[in-house]
Amino acid sequence: MTNGDIAKVLREIGEYLDMQGVPFKPRAYEKVAETVEALDGEVADVYRTGGLKAVEDIPGVGLSIAEKIEELLKTGKSKYYEELKKKTPVNLSELMAVEGLGPRKIGALYKKLGVTNLRELEAAASAGKIKTLEGFGEKSEQNILQGITFLKSSGGRKPLGVALPIARDIVQRLKGLKGVERLEIAGSLRRRKETIGDVDILVISDNPKPVMDYFVAMPNVANVTAHGDTKSAVKLANGLDVDLRVVPKESYGAALNYFTGSKDHNVALRRLAIKKGLKLNEYGLFRGADSRGLKRGLTQKEIMVAGKTEEEIYDTLGLTYIEPEMREMTGEVEAALRQAMPTGRQAQGRANGLPKLINYGDLQGDLQTQTNWTDGADSVEVMADAAIAAGLHYIVITDHTKRLAMTNGLNEQRLLEQGKEINALNKKFQVSGSTFRVLKGSECDILADGTMDLSDEALQTLDVVGASVHSLFNLSKKEQTARIIRAMRNKHVDILFHPTGRLIGKRPPYEVDMDAIIAAAKETGTVLEIDAFPDRLDLKDEHIRKCVEAGVKMSIDSDAHSATHFHVLEYGIAQARRGWATKKDIVNAWPVEKMLGMLKDARA
DNA sequence: GCCGTTTTCGGCCCGACTGTTTTCAGTCG
C-alpha cells in the first residue's frame, strides 16, 4: 500500500460520508488524505517502525483513522470503506472529475438512475433522463454533458511555462480597458507552481461590467462557466480555466492574499485571525466578528482593520510578509511568527524566521547553454549576445559530448576547437571594452558505469563541467544512485545537471535516491542544478529546500538551446524561491570569479 | 473525526455563483 493508495481510500470514505450528509467527518478524512499524499516518506514505513502510535502522530490522524490505516496496511482493505462502497457502488474518482458534480449529486444520480460510472452518466444525460430529476434541470444536464466532453478532450494541469505567458497576454488585453485601475495575476500562478490548474486574475475597477463582458467574449474563450458581478470564469480553447474577479480598492490586499492561496496557507491565516478575535476574508481583516456575533447577524458592526495591502494584513496578524512562492503551508507561517516575535517562547526554538529569497534579476550568469556545435540553434557568439541582452555577465557553453551521437556530441578534438573559438570571442569582448565572459564547459554524459564520456585530460581544461544522465533511465534506484554518485566523485565534475531527469507531463524522473545525492553533493562540493527549462524544472522545490538545509550549493540554468531561451531563467528563479533559496545558495547569482573560486575549491 | 494560548467538549475558513428553487443546496476555490 503506497501513500497514494491509502489517500485514495481515505478520500473516498470522506466523499461517501459527504454523500450521506454527515457533517465534519468528510473534512477530517479529506484533510488526512491530502496530508498522506504530500508526505515525504511512506506511511507503511512509519507504521513498521513506530506502530499505531506513530501513525497517530501524522497531523490530522486520530485513533479512528489510524486504525483504518493500520487495517489497510495489514490486509490491503478497509471494512468500513467496503461497506460504504457496497451501499453506493460508484466509480467515485471518475465521476468526481466531472466539473459541477460532487458527492451529493453523484449520490442522487445513483439512487434515482443507477449511474455508477462516466459511461452510464453520459448515457443518462444523452437520453434526457437527468433533467427530469428533482434538484436537476435542463441546464444541469447540459453542463454534465459538457463536463464529460472537456474531461475527455483536455484535462490536467498546464506547465507554468505555458500558463504564465497566456495569463500575461490576458492581463495585457484587459489593461487597455477603460475603468481598469489595477490588474494582478493571483492563484497558484502567482505562487509559480510548476503546473497550474487554473489562472486567477484580479482587477480593481469601479465599473466592472464592461470588463467582465469583454473577458467572457475574448476570441480564445471556448466556454463561459460563470459570468457574475464580481466573478467570471471561462475555459479557453486549449483547456485552460481562467477566473476573473473584480474587487474594491480598499479590499485589494485581502483579495490578492485570499486568491493567491494556497488554500492551507489561507486557512492558517484565518485561524490566526480568529485567535486574535478577528475575521479574515477576501474583503479584509475585521474586528468585532466572532462567530456568535455573526450568527446574531451583527456583521454590519464589523470594523475593517486591514485589507488594502497584503503587507498590512500579515503585519496585523503578527507575521512578517511572506512571499507568494512560499505560501504552501510548509512551515512559512510558523517561521513568520517566530520572526515577528523574536523574544517569544517560540523564538527560542530551532529556526529563525524567513529567509531573504533570491530575487528575479539576481542571476549574473548561466551555467548551461548549448550551441550549434551540437543540438543548439545558434552560434557561440549569438548566444553570448543574447545573454548580454538578458542582463547576464557570463555564460558557460556546455555542448553535449560524443556519446550523444544524435546531437553530434563533441569529442576531445572538437572540444579543443570550440575552445579556440571561445578564446577569440573573449578577446573580441575585451577589445571592445565589454566585461562579458564566455566560459568553457561541457554537458558531459555519465556513462553506464558512472565514468565520464570525456577524458580527465579534456575535462580539466574546462572552466565548468556539468554531468548529465541521458541514458539507462530504467536502472534500479540503487544502481542509478551509485552511478550518479560515482560521477559526482570525479574531481573534474562541478555540477550535476537536471538531477532527476524528469520531463513534466511526459517522462517521470528516473529512480534515484535524492537524499543520497544531496549527501554526496555535500561531501564532494558538487553543485546541483535547477534546470529552468519549463518542462524540466529539475530540481523540484522540495529538493531545493533540502539542499538549502544541507548547505548544498545550486545553480539556476536556462539549458538554452537557442538565443530566445534565456527568458526561462525566470522559471528557475521561481522554483528556487519555492525552495526557500537565497542568493548565497545559488552560485551563478555570484560574480564570476567567486563562482569559479568555489568550483576550484571543490575540485581541490 | 480531530483538536486544544477557547484544551477533553464544542467547535471546525468563508463567500460567490449556479441552478433550482421561491429561500436554498451543492459545488468550487
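The analysis underlying the following values was restricted to heavy atoms, covering all of them including side chains, and did not include hydrogens, waters or symmetry mates. Because the structure is a prediction, the values reported are computed rather than measured.
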Identify whether any heavy atom of [X] sits under 4.0 Å from a base atom; if not, whether one sits that close to sugar-phosphate; answer base, sugar-phosphate or nothing.
{"X": "A/Pro26", "result": "nothing"}
{"X": "A/Val32", "result": "nothing"}
{"X": "A/Lys68", "result": "sugar-phosphate"}
{"X": "A/Arg27", "result": "nothing"}
{"X": "A/Leu17", "result": "nothing"}
{"X": "A/Lys275", "result": "sugar-phosphate"}

Listed nucleotide nearest any side-chain atom of [X], set [options]:
{"X": "A/Ser64", "options": "B/dG1, B/dC13, B/dC14", "answer": "B/dG1"}
{"X": "A/Ser140", "options": "B/dC14, B/dG19, B/dG1", "answer": "B/dG19"}
{"X": "A/Tyr283", "options": "B/dC14, B/dC13, B/dA16", "answer": "B/dA16"}
{"X": "A/Thr230", "options": "B/dC17, B/dC14, B/dG1", "answer": "B/dC17"}

Report the distance from atom [atom1] of [X] to atom [atom2] of [N], rounded to the nearest whole Å.
{"X": "A/Glu67", "N": "B/dG1", "atom1": "CD", "atom2": "C1'", "answer": "12 Å"}
{"X": "A/Leu109", "N": "B/dT20", "atom1": "CG", "atom2": "P", "answer": "13 Å"}
{"X": "A/Glu134", "N": "B/dT20", "atom1": "CD", "atom2": "P", "answer": "12 Å"}
{"X": "A/Ile13", "N": "B/dG1", "atom1": "CD1", "atom2": "P", "answer": "10 Å"}
{"X": "A/His227", "N": "B/dG19", "atom1": "NE2", "atom2": "C1'", "answer": "17 Å"}

Quote, to the nearest angstrom, the [atom1] distance that separates [N] from [M].
{"N": "B/dA25", "M": "B/dT20", "atom1": "P", "value": "16 Å"}
{"N": "B/dC14", "M": "B/dT6", "atom1": "P", "value": "15 Å"}
{"N": "B/dC13", "M": "B/dC3", "atom1": "C1'", "value": "16 Å"}
{"N": "B/dA16", "M": "B/dG11", "atom1": "C1'", "value": "25 Å"}

Q) Would you say A/Asn266 reaches B/dC13's phosphate, i.e. side-chain N/O to OP1/OP2 under 4.0 Å? A) no
Q) Given A/Glu328 and A/Arg191, is the salt bridge (Lys or Arg N to Asp or Glu O under 4.0 Å) satisfied, shown in steps? A) CA-CA 8 Å; A/Glu328 297 292 348; A/Arg191 304 200 310 277; 2.7 Å; yes
Name the pairs: protein N/O against N/O of nucleotides 26-29 of chain B, kept only if under 3.5 Å.
unit_1 : atom_1 : unit_2   : atom_2 : d
B/dG26 : OP2    : A/Arg104 : NH1    : 2.6
B/dT27 : OP1    : A/Gly102 : N      : 2.6
B/dT27 : OP1    : A/Gly102 : O      : 2.9
B/dT27 : OP1    : A/Lys105 : N      : 3.0
B/dT27 : OP2    : A/Arg104 : N      : 3.4
B/dC28 : OP1    : A/Gly100 : N      : 2.8
B/dG29 : N2     : A/Tyr258 : OH     : 2.4

Q) Do A/Arg536 and A/Leu503 touch side chain to side chain, with heavy atoms closer than 4.5 Å? A) yes
Q) Taking the six-membered ring for Trp, are A/Tyr314 and A/Tyr321 parallel (under 30°), tilted (30 to 60°) or perpendicular (over 60°)? A) perpendicular
Q: State plainly whether the residues A/Arg327 and A/Glu310 are in salt-bridge range, i.e. N to O under 4.0 Å.
A: yes
Ignoring hydrogens and angles, write down the donor-acceptor pairs under 3.5 Å from the side chains of residues 162-180 of chain A, residues two or more places apart or on other chains.
unit_1   : atom_1 : unit_2   : atom_2 : d
A/Arg168 : NH1    : A/Glu570 : OE1    : 3.3
A/Arg168 : NH2    : A/Glu570 : OE2    : 2.6
A/Asp169 : OD2    : A/Arg173 : NE     : 3.2

**Q.** side chain to side chain donor-acceptor pair (under 3.5 Å) against A/Thr116, all qualifying residues, sequence neighbours excluded
**A.** A/Glu120
